[in-house]
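In this chain, residues are counted from 1 in sequence order.
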Amino acid sequence: MNWNRCDLGAMDTKLLEALYWKGVPVFDMGSHMSTIDVGWGSPTFHKMGREKVLLINAILPFGYELLMCDTDMVWLKDPLPYLAQYPDADILTSSDQVVPTVVDDRLADWKQVGAAYNIGIFHWRPTEPAIKLAKEWKDMLLADDKIWDQNGFNELARKQTGPAVDDDSGLFYAFDGTLKLGILPESIFCSGHTYFVQAMYEQLRLEPYALHTTFQYGGTEGKRHRLREAMVFYDPPEYYDAPGGFLSFKPSIPKSLLLDGEHNLESHFSLINYQMKQIRSALAIASLLNRTLVMPPLWCRLDRLWFSHPGVLEGSMTRQPFLCPLDHVFEVNVMLKDLPEEEFGPEINIREYSFLNNPLLPQQVKESWLDVQLCQEGTEDCHASSNTSRPGLLRFPKNSTEEMFKTVFSSFKDVKVIQFSSMQGAFYSFTDKTREGKFRNRMKRYVGIWCCVENHTPGHIYYDMYWDEKPGWKPAPPQTPEEDHPPF
């Protein structure tokens with residue numbers, strides 16, 4: 001997007017200075033906001049929303065158009081040509097719609113949009129109806145500081161819905177019957193669900209304009225990780241060349257776990273648990289070798305939501321199985337948190353599954369690579385040696401101990417990327433039981449919940465990183481309030 005064609009409002013001084021020194025046209029909104037994660041629904045969160053409304057009211061009377069977006073979204077393509085196709089619109093807004101209403105790049109069918117209008121992406125023109133709505137919205141929020149700005153907008157905009165402005169544009173009359181409103185298509189102005197879970201734009205062969213990291217479960221860190229998975233987050237060069245280097249592995253999943261049988265709780269948890277055990281081994285090896293683990297792609301059979309559902313949302317384009325975001329299973333915010341080492345052992349850094357395919361990965365990292373092929377100890381040429389037919393290949397015995405890992409891989413500490421051919425039986429155990437106890441404490445906090453079973457309260461089920469140590473473990477929601485706690 002050509003930012004020279006617009007001005008950006010900075011809600012904190014740190015952002016103001018950063019944009020100014022990069023030559024981006026920016027102005028101070030005078031919000032005095034904090035740069036830390038304020039938390040959804042908090043008083044600071046509501047204050048932040050009001051700043052948006054105040055800005056709209058301050059600028060519209062000067063005759064300027066406004067393209068508003070939240071900081072947790074990314075422009076993937078210049079949207080201005082698309083917006084210009086609807087010159088009669090007073091407001092164009094995105095939505096939380098997860099069931100497709102159109103299958104091309106037209107505006108969403110407003111009659112089918114039952115979900116909330118999402119004001120994380122919306123465009124205003126300085127028309128009389130838009131200015132009137134902006135003022136009523138501001139007055140509503142200033143009169144009651146408990147109203148969420150998005151709910152307030154929806155309440156006002158939905159005072160009237162319809163009729164259609166014409167037969168073709170997709171615009172309709174809303175608010176007081178004079179405001180012309182359009183809903184941006186859910187497939188290309190994407191929510192976190194239509195992009196990361198459904199991949200709706202891919203299935204419809206469309207090019208997305210925007211990505212908003214809604215429908216996710218890891219706070220700010222989770223949103224950032226999702227954008228990194230999609231390779232649309234800018235990180236400084238040092239992110240791509242971490243001290244100690246990287247560890248990755250090729251996950252192996254039997255076809256039966258991925259595709260066979262019904263998609264239900266049992267098959268979903270069997271698939272996740274199989275992957276989780278491999279990830280647990282990889283985290284242990286990364287910890288021993290002091291390397292950053294490149295997480296594998298994670299496959300799910302069932303969606304995750306805040307409310308009870310039948311596995312996937314009816315009418316959505318979610319395919320089963322699907323590549324699911326890490327925060328569907330793992331507590332990304334905990335994985336990236338600075339946990340006390342005396343209780344949880346040394347920090348284990350992670351990277352997103354797409355990391356090694358990112359164009360920003362420097363050449364010196366790509367060229368410094370060791371493939372590790374697991375083998376059965378006692379078989380020919382299985383003695384942790386690099387004397388193989390191919391340079392950059394190490395044959396390494398399965399079920400090796402902590403000492404074996406440290407001894408053998410100390411010779412490869414300068415190699416940037418070590419990639420295991422598999423994690424099945426890659427690691428046997430820690431020798432240092434104190435360290436193992438701390439590692440277990442850390443692992444237990446790395447996984448979250450699946451939600452939610454229909455017709456059961458509570459409906460969530462806790463993932464358990466050590467499920468395999470509990471004979472007969474089955475995925476079931478807590479049966480009593482006393483059971484409703486993580487497995488630690």
Examine distances only and state if a side-chain atom of H212 and a backbone atom of M73 form a donor-acceptor pair shorter than 3.5 Å.
no
Rounded to the nearest 0.5 angstrom, the CD1-CE distance for I350 and M295 is 5.5 Å
Distance col, row L211:CG vs D72:CG, nearest 0.5 angstrom, shows 9.0 Å
| said: Using a 3.5 Å distance criterion without hydrogens, assess whether the side chain of R228 forms a donor-acceptor pair with backbone atoms of F233. | reply: no
_Quick one: does any side-chain atom of W124 pair with a main-chain N or O of I56 as donor and acceptor, under 3.5 Å?_
no
More than 12 heavy atoms of other groups within 6.0 Å of F488 CZ: yes
Practice task
Ignoring hydrogens and angles, tell me if any N or O in the side chain of S94 forms a donor-acceptor pair with the backbone of L184 under 3.5 Å.
Solution key: no
Worksheet entry | Sidechain-backbone polar pair: W473 side chain, Y466 backbone, donor-acceptor under 3.5 Å | no
Side chains of L66 and L60: closer than 4.5 Å at any heavy-atom pair?
-> yes
Interatomic distance, CD@E347 vs CG@L336, rounded to 0.5 Å, equals 8.5 Å
I'd like to check P475 versus H268 (side-chain heavy atoms, cut-off strictly below 4.5 Å). Are they in contact? no
In short, salt bridge (Lys or Arg N to Asp or Glu O under 4.0 Å) pairs touching residues 89-117 with sequence neighbours left out are D104-R106
Heavy-atom closest pair (F172 atom, G162 atom, distance to 0.1 Å) is CD1-N, 3.8 Å
For residues 303-326, the ring pair (Phe, Tyr, Trp, His ring centres under 6.0 Å) pairs (sequence neighbours left out) are F215-W306, Y217-W306, H309-W450
State whether the number of non-hydrogen atoms from other residues, nucleotides or ligands found under 6.0 Å of K470 atom NZ is greater than 12.
yes
Salt-bridge present (D70, K52; N to O < 4.0 Å)
yes
Item to check | Polar side-chain atom of T93 near backbone of Y117 as donor-acceptor pair, under 3.5 Å | outcome: no
>> I'd like to know whether Y240 forms a side chain to side chain contact (heavy atoms under 4.5 Å, CB included) with N358, so could you lay out the CA-CA distance, the side-chain angles of the two residues, the decisive distance to 0.1 Å, and finally the verdict.
In response: CA-CA 9 Å; Y240 298 96; N358 197 307; 3.6 Å; yes
_Residues N333, H225; criterion side chain to side chain contact (heavy atoms under 4.5 Å, CB included); working and verdict_ = CA-CA 9 Å; N333 51 319; H225 191 85; over 6 Å; no
Cationic N near anionic O, under 4.0 Å, E221 to R224: yes
Problem - K277, NZ atom: more than 12 neighbouring heavy atoms under 6.0 Å - result: no
G114 backbone acceptor or donor facing Q97 side chain under 3.5 Å
yes
Note: V329 and C300 closest approach over all heavy atoms is CG2-SG, 4.3 Å
Below 4.5 Å, heavy atoms only, C-beta onward: do Q320 and L302 meet side chain to side chain? yes
- prompt: Counting only N and O atoms by type, is there a donor-acceptor contact under 3.5 Å from the side chain of N57 to the main-chain atoms of K135?
  reply: yes
TODO: Return yes when atom CD of E207 has more than 12 non-hydrogen atoms of other residues, nucleotides or ligands closer than 6.0 Å, and no otherwise.
DONE: no
Hits for side-chain hydrogen bond (donor to acceptor under 3.5 Å, both in side chains) against R319, two or more places apart or cross-chain, chain-then-number order -> none
Correct closest heavy-atom pair for P254 and Y274 would be CD-CE2, 3.4 Å
Quiz item: Heavy-atom distance under 4.5 Å between the side chains of L107 and V102, does that happen here?
Solution: no
Would you call D88 and K180 a salt bridge, using N to O less than 4.0 angstrom? no
With sequence neighbours left out, the residues meeting side-chain contact (heavy atoms from CB on, under 4.5 Å) with P236 are E238
Residues P126 and I131: closest non-hydrogen pair is O-CD1, 4.1 Å
Residues passing the side-chain contact (heavy atoms from CB on, under 4.5 Å) test with L258, sequence neighbours excluded, are I253, L271, W299, P321
*Would you say L339 and E343 make side-chain contact, with heavy atoms under 4.5 Å?*
no
As a quick check of understanding, evaluate side chain to side chain contact (heavy atoms under 4.5 Å, CB included) for L313 and V99, giving each step before the final call. CA-CA 8 Å; L313 291 173; V99 176; 5.7 Å; no
Are F153 and F122 packed together at the side-chain level, in the sense that at least one heavy-atom pair is separated by less than 4.5 angstrom?
yes
task: Please check if atom CD in E483 has more than 12 non-hydrogen atoms from other residues, nucleotides or ligands closer than 6.0 Å.
output: yes
### Query
Does the side chain of W75 come within less than 4.5 Å of I121's, by heavy atoms?
yes
What orientation do Y201 and Y195 show, parallel under 30°, tilted 30 to 60°, or perpendicular over 60°?
parallel
Q198 side-chain N/O to V98 backbone N/O, donor-acceptor pair under 3.5 Å: yes
Under the criterion side chain to side chain contact (heavy atoms under 4.5 Å, CB included), I'd like the reasoning laid out for V232 against L76: C-alpha separation, chi angles, the key distance, then a yes or no.
CA-CA 8 Å; V232 294; L76 304 171; 3.6 Å; yes
Distance col, row W110:CH2 vs T161:OG1, nearest 0.5 angstrom, shows 6.0 Å
So side chain to side chain donor-acceptor pair (under 3.5 Å) across residues 246-257, not counting sequence neighbours, yields S248-Q419, K255-D260
Nearest heavy-atom approach of L293 to F249 is CD1-CD2, 4.5 Å
**OP:** Would you check if N118 and Q150 make a side-chain contact, meaning some heavy-atom pair closer than 4.5 Å?
**Re:** yes
Closest heavy-atom pair, Y82 versus P185, reported as atoms and distance to 0.1 Å, is OH-CD, 3.2 Å
- Atom CD of Q479: over 12 foreign heavy atoms under 6.0 Å: yes
CE (M231) and CG (N357) are apart, to the nearest 0.5 Å, by 6.0 Å
d(Y209 OH, C190 SG) to nearest 0.5 Å is 11.5 Å
- Item | Sidechain-backbone polar pair: E186 side chain, T194 backbone, donor-acceptor under 3.5 Å | no
Task: Side-chain donor-acceptor contact under 3.5 Å, Y462 with D484 - done: yes
